[in-house]
Amino acid sequence: MKMEDRKPIPGAILSADLTIAHTEQVRDFYEQVIGWQHGGLSMGNYDDYVMTRTDGQPVAGICHPEGENAALPPVWLVYFTVNDLNESLGACRKLGGKVHYEPKTSIGSGSYAVIEYPAGAFCAITQI
């Protein structure tokens with residue numbers, strides 16, 4: 001079975017993004033240290049970077065601290081998979097967490113939100 005044919009399971013780490021200044025230098029660092037390759041992802045006035053394995057499989061993003069990303073800390077933002085994004089967002093709020101970015105469209109497969117644990121740890125959750 002090919003990697004792209006496998007469906008993620010709830011609770012799995014799907015991907016990660018790093019929002020940081022000097023994206024080109026950071027991108028180049030991870031290319032040399034890990035062996036990733038990159039492709040541009042147009043954000044309008046600038047490009048963020050999709051980092052891929054040598055087989056072309058996307059694994060991470062290197063993002064400018066612009067727009068809605070401006071408030072994110074410069075740490076790897078891990079994306080965890082969930083079955084029901086609405087249910088997970090409700091649980092986050094009920095348990096004292098914060099929802100920083102609501103899903104942009106109607107919730108379905110691939111929809112995501114950025115949340116914060118009450119003590120300050122950020123992550124993203126995405127519906128599978």
- Message: Rounded at 0.5 Å granularity, tell me how far CZ in Arg27 sits from NE2 in His22.
- Response: 14.0 Å
- Would you give the length of the straight line joining atom OG1 of Thr126 to atom CG of Leu14, rounded to the nearest 0.5 angstrom? 6.0 Å
- Are Tyr79 and Asp17 close enough, and set up right, to give a side chain to side chain contact (heavy atoms under 4.5 Å, CB included), and what steps lead you there? CA-CA 8 Å; Tyr79 288 72; Asp17 286 341; 2.8 Å; yes
- Heavy-atom closest contact (Ala124 atom, Leu77 atom, distance): N-CD1, 3.8 Å
- Worked check of side chain to side chain contact (heavy atoms under 4.5 Å, CB included) between Ile115 and Ile125: CA-CA 8 Å; Ile115 64 170; Ile125 52 177; 4.2 Å; yes
- Query: Taking all non-hydrogen atoms of both residues, which atom of Phe80 and which atom of Gly11 are closest, and how far apart?
  - Reply: CD2-O, 4.1 Å
- Rounded to the nearest 0.5 Å, how far does CD of Glu102 lie from OG of Ser111? 11.5 Å
- Task: Check which hydrophobic residues are tied to Ile34 through side-chain heavy-atom contacts below 4.5 Å, counting indirect links as well, and list them.
- Result: Leu18, Ile20, Val26, Phe29, Tyr30, Val33, Trp36, Tyr49, Met51, Val59, Ile62, Trp76
- Glu87 atom CD, over 12 foreign heavy atoms within 6.0 Å: no
- Query: Do Leu95 and Pro118 come close enough that some side-chain heavy atom pair is under 4.5 Å?
  - Reply: no
- Message: So does Gln57 get a backbone contact from the side chain of Thr52, meaning a donor-acceptor N/O pair under 3.5 Å?
- Response: no
- Task: Measure the CG-OG1 distance between Asp47 and Thr23 for me, rounded to the nearest 0.5 Å.
- Result: 9.0 Å
- Query: Who are the ring-ring contact (aromatic ring centres under 6.0 Å, His included) partners of Tyr46, not counting sequence neighbours?
  - Reply: His64
- Query: Can any side-chain N or O of Gln127 pair as donor or acceptor with the backbone N or O of Leu85 at less than 3.5 Å?
  - Reply: yes
- Task: Can you measure from NE2 (His100) to CD (Glu116) and round to the nearest 0.5 angstrom?
- Result: 3.5 Å
